[in-house]
Amino acid sequence: MIGAFRTPSGGRIDRARPLRFSFDGRVHHGAAGDTLASALLANGVHLVGRSFKYHRRRGILGAAAEEPNALVTVTRDAARSTPNLRATQVELFQGLRADSQNRWPSLDHDASAVANLLAPLLPAGFYYKTFKFPAWAWRRLYEPAIRAAAGLGRAPAHPDPDRYAQRYAHCDVLVVGAGPAGLAAATLAAESGARVILCDEQAEMGGSLLAESAATIDGRPAQGWLAATLAALARHPRVTLLARTTAFGCFAGNMVALDERVTDHLAAPTPGLPRQRLWLVRARQVVVAAGALERPLVFPHNDRPGIMLADAARTYLMRYGVRVGRRAVVATAHDSAYDAALALHAAGVAIAAIADQRPTPGAAAERVRAAGIAVRSGCVVATTGGRQRVAWAGLMPAGGGATEPVPCDTLLICGGWTPSVHLVSQARGALRFAPETQAFVPDRPVPGQHPAGACRGVFGLAAALADGAAAGEAASRATGHGGARPWRGAVSGDTAWTGGGAPGLAPGVGAGRAFVDFQNDVTAKDVQLATREGFRAIEHVKRYTTAGMATDQGKTANLNTLGIAAAALARPMAEVGLTTFRMPYTPVPFGSLAGAARGDLLDPVRRTPLHDRAAALGAVFEDVGQWRRARFFPRSGEDMAAAVARECRAVRTGAGLFDASTLGKIEVAGPDAARFLDRFYASAVAALPTGRCRYAVLCREDGFIMDDGIIARLAADRFHVTTTTGGAARVLAMMEDYLQTEWPELEAWVTSVTEQWAVLAVQGPRARAVLAPLVDGVDLGTFVHMRMAEGRVAGAPARLMRVSFTGETGFEVNVPADFGPAVWDATLAAGQAHGLTPYGTEAMHVLRAEKGYIVVGQDTDGTVTPDDAGLGWTVGRAKADFVGRRSLARAAMAAPGRRQLVGLLTEDGMRTLEEGAQLVADPHEGPPMRVLGHVSSAYHSATLGHPIALALLTDGRARTGERLFVAMPEGAVPVRVTSPVFYDPEGARLHG
Amino acid sequence: MLLIDCPYCGPRPEIEFTYGGEAHRARPADPAALSDEEWAGYLYLRRNPKGRHAERWRHAHGCGRFFNALRDTVSDAFLATYRVNETPPPPTIGPEAAA
């Protein structure tokens with residue numbers, strides 16, 4: 001019941017635990033220990049998908065991570081549906097539901113298969129050649145149609161309901177891959193005292209040992225040795241074993257990213273466990289024992305269901321107890337396929353023929369002949385036949401000749417083995433081409449990295465064990481450990497391989513329909529065409545043909561692509577070289593990479609101490625960096641415009657209350673605090689008396705405005721400095737930079753106190769009246785503009801400043817953050833009689849723009865000097881030096897043609913301009929039009945009854961009164977250049 | 001991810017640090033005495049070497065201190081880190097010595 005093709009015994013599956021699953025809605029049964037692929041094969045299902053471009057029928061090619069064809073969608077519920085999973089890596093569980101992809105209406109009858117008939121019309125570069133004309137058609141016709149046809153599985157429409165964890169870990173030695181080499185390395189490293197993490201992408205550790213039957217290690221059967229070794233490692237206090245964990249990326253400093261699949265294999269995931277866990281392992285040394293991947297042979301129609309890698313077929317038999325067919329033809333260019341043929345033969349699979357494209361097969365051929373299997377040397381597959389599955393293989397003498405169809409239901413192919421050098425290459429390790437194995441192997445080792453076993457071209461069980469042991473020893477020694485017992489590991493029954501296959505097209509066969517990259521549907525003909533069209537660099541061939549660019553990253557394709565390109569270019573493979581390997585080794589879910597950083601946890605949200613008070617009043621908030629700021633306070637029936645107009649009116653005629661807590665605040669203290677600020681800010685600070693404030697501009701060393709704020713002197717050696725909301729961290733870092741590295745002799749210390757203070761701005765002609773009953777210890781009668789004092793407000797200790805960002809009489813009340821809500825309540829209560837109105841950032845912007853007060857970063861853009869912004873008066877010209885002074889002294893900084901801050905009024909007095917819109921003198925001037933500047937701030941001023949705008953305009957101040965045009969979406973809008981101060985230009989209201 | 005050895009705190013991951021550009025470029029004591037060309041040189045011209053590069057780093061999410069580092073711009077390997085007031089290690093130091 002667990003599959004008609006299941007052997008009665010053998011393998012690592014548990015026949016006593018059958019598992020029901022469905023594929024494309026049809027119910028099958030497998031066994032515990034199966035993968036989806038092995039369970040499908042056990043039920044005789046080979047056709048599992050349609051190819052990407054031509055929609056050809058495809059079967060299971062491999063048995064592990066290299067699988068290019070068998071991509072399925074596994075669905076638990078509407079939100080838990082994972083597309084593009086390799087069936088060879090999906091562990092079977094009770095009730096698993098899998099579906100094939102890229103077919104409609106069904107896998108057997110796929111309407112898009114018409115593409116296969118059109119294949120001659122769809123060569124490499126088809127898009128580039130075809131969809132060029134007319135230009136408009138790309139966006140409206142071609143791209144939508146191509147997008148609809150492209151892609152494989154579908155992502156679920158719902159948000160991902162699962163949880164993903166992330167973890168940092170440290171170890172002396174990280175061993176990637178728990179095959180023979182990795183197990184030996186981990187064992188030796190642990191025994192010598194190193195802390196070891198051993199990870200493997202498969203559910204069970206052991207790699208090739210899991211399918212090993214003949215060999216013995218230390219006198220024990222290989223699988224017995226494996227069990228004992230794993231048990232010893234699991235007991236070891238310094239060893240962490242991570243199965244189902246793929247090392248998918250290697251980054252600088254031996255930081256290796258691992259993706260652990262925690263619950264994907266469970267029928268009912270344990271609540272509380274994350275679905276996957278991303279490990280970021282900082283390893284002092286890394287042993288890469290990633291093994292090697294078998295390569296297909298390239299010949300026409302090499303992609304029918306039933307055509308499979310030879311060692312994959314052996315793995316299905318030995319590990320999963322599955323016969324992949326009844327009658328097999330084996331085509332090979334390498335010794336390893338003979339092991340597969342012998343194993344399948346012994347299990348009762350008829351081996352119709354072995355076609356070895358080499359003229360003289362290795363010693364393995366003799367063992368096979370002894371078993372009564374026919375070996376044809378110098379023989380290739382020229383083509384295949386069969387509809388739902390391969391039905392015959394056409395054998396032909398290598399180089400050309402008559403083709404003999406040999407009936408079969410399975411064609412096993414082996415073109416040799418490709419070492420998995422991905423992590424080595426990602427770590428910038430150099431590779432070299434090894435002619436003896438026809439493979440790229442690590443050349444100079446990267447410091448801290450030790451490739452071992454098949455991934456560096458060391459094949460065979462005994463050799464891999466010894467190589468892994470040596471790598472484990474070297475790695476642990478590099479971490480200061482050592483003294484493990486020498487590796488013994490005597491191996492018998494190991495079969496030796498000779499030769500390395502021949503990457504590329506099989507000799508003498510055609511190139512059409514001879515697939516190189518199964519997943520992206522790239523044929524040998526496409527690669528040859530690319531070279532004929534002038535692509536000579538392998539990276540260009542790759543991009544033009546898309547060979548190696550699918551989700552499998554060309555694990556089975558890259559070396560064959562290179563072999564075909566090298567042959568077509570008549571250059572040696574070593575010279576043509578390999579494309580770059582990039583992470584991830586196999587696809588990693590976005591959920592795993594995102595971890596907890598989604599939804600509310602994507603980015604910290606900063607709320608002011610007064611946030612809840614504003615929310616209670618119905619404030620609409622806006623994001624300002626990480627801050628949430630109250631934008632306006634609508635009353636019932638009000639839209640934003642109405643609310644902002646009311647709030648502005650309140651400030652201009654009565655009093656408004658504003659939460660200014662997000663302002664950056666830095667306390668500067670020390671005997672040299674004044675000297676430091678004087679050198680740092682463009683404005684003069686040294687002579688500022690205690691109890692006074694000053695508006696100060698900060699320039700970068702290049703003379704352009706970086707920030708602005710208020711500097712208040714608390715004492716001879718202590719200042720309270722404010723910055724813009726967004727500039728707080730930048731300014732603090734710059735202060736630290738100058739204090740630590742340029743002026744270390746200055747005794748001054750800077751501390752961020754942004755979150756220590758709640759700031760309530762009370763602004764308007766009645767502001768003093770509002771505050772007067774609340775203030776203790778400060779005489780508001782003499783507290784004129786730009787004064788500061790410490791006292792009490794509503795009982796709370798306060799730093800009170802007489803400053804204004806509205807042009808009205810203004811106070812900023814700084815109280816310790818925890819007092820904020822209470823002081824807010826007291827102020828609102830005291831202000832009730834005066835119509836005190838809470839206002840938000842939108843009204844604040846309108847009010848400040850009416851006064852021509854700039855917002856750094858909105859009305860400046862990193863090329864604006866203080867003079868450009870109309871702030872020349874703030875610069876302490878008498879100072880010998882300050883940051884930016886030398887740059888401001890350059891002639892160009894005062895030359896004509898600079899953009900200066902001006903005001904703009906639309907002629908019709910109706911339309912509010914768009915921020916960012918361009919200013920021109922003549923809207924009818926043909927392209928390229930001369931742009932004179934741009935609108936930087938634009939609002940409707942309820943106070944003035946018309947829109948206002950600030951702009952940066954070339955020679956702006958000299959153009960006052962000129963008529964210019966602003967380019968708006970609906971056309972050119974005529975404007976008049978004015979002073980940037982629209983309201984109370986004398987500033988009388990500040991001093992009320 | 002780079003592992004950076006803060007001279008005050010020890011080795012920490014790269015994300016705790018901010019980069020500060022080329023090291024050993026003191027701000028001129030009297031900028032006003034410099035010609036425009038000299039000042040532009042101080043402001044804008046950097047060595048940008050291929051290989052050994054002395055540069056500033058700040059352990060922004062740690063001790064907050066600026067320090068200097070020698071880094072190989074080809075391999076990204078840190079050859080040494082040292083405090084602001086210390087002289088850079090001799091040029092004999094190389095990737096092999098750091099490994």
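Just so it is clear, the model here is predicted, and its values are computed rather than measured. Convention: sequence-line order gives letters A, B, ...; per-chain numbering from 1.
- Contact of A/E742 with chain B is made through the side chain alone, with heavy-atom distances under 4.5 Å.
- By number of non-hydrogen pairs under 4.5 angstrom with chain B, the leading residue of A/P744, A/A889, A/S887 is A/S887.
- Other residues, nucleotides and ligands contribute more than 12 heavy atoms inside 6.0 Å of the CZ atom of A/R598.
- Interface with chain B: from residues 247-255 of chain A, residues A/F251, A/A252, A/G253, A/M255 qualify, criterion being any non-hydrogen pair under 4.5 Å.
- Looking at B/R56, only its side chain comes within 4.5 Å of chain A, counting heavy atoms on both sides.
- Summarising the geometry, atom CG belonging to B/D76 is positioned 5.0 Å from atom CZ belonging to A/R428; distances are rounded to the nearest 0.5 Å.
- Remark: side-chain polar atoms of A/R886 are not paired, donor with acceptor, to backbone N or O of B/W39 under 3.5 angstrom.
- In this structure, the separation between OH on B/Y42 and CD on A/E701 is 5.0 Å, given to the nearest 0.5 Å.
- Heavy atoms of A/D702 lying under 4.5 Å from chain B belong to its backbone as well as its side chain.
- Contact of B/R25 with chain A is made through the backbone alone, with heavy-atom distances under 4.5 Å.
- Taken to the nearest 0.5 Å, the CG atom of B/N85 stands 11.0 Å off from the CD atom of A/Q740.
- The environment of CZ in A/R606 is crowded: more than 12 heavy-atom neighbours from other residues, nucleotides or ligands sit within 6.0 Å.
- Ranked by heavy-atom pairs under 4.5 Å with chain B, the list A/T741, A/L280, A/D737 is led by A/D737.
- More than 12 heavy atoms of other residues, nucleotides or ligands lie within 6.0 Å of OH in B/Y19, so this atom counts as buried by the packing criterion.
- For A/A733, the parts lying under 4.5 angstrom from a heavy atom of chain B are both the backbone and the side chain.
- Here the side chain of A/R282 pairs a donor or acceptor atom with the backbone of B/M1 at under 3.5 angstrom.
- Between B/F66 and A/E736, the shortest heavy-atom contact is CE1-C, 3.8 Å.
- Both the backbone and the side chain of B/L2 have a heavy atom closer than 4.5 Å to some heavy atom of chain A.
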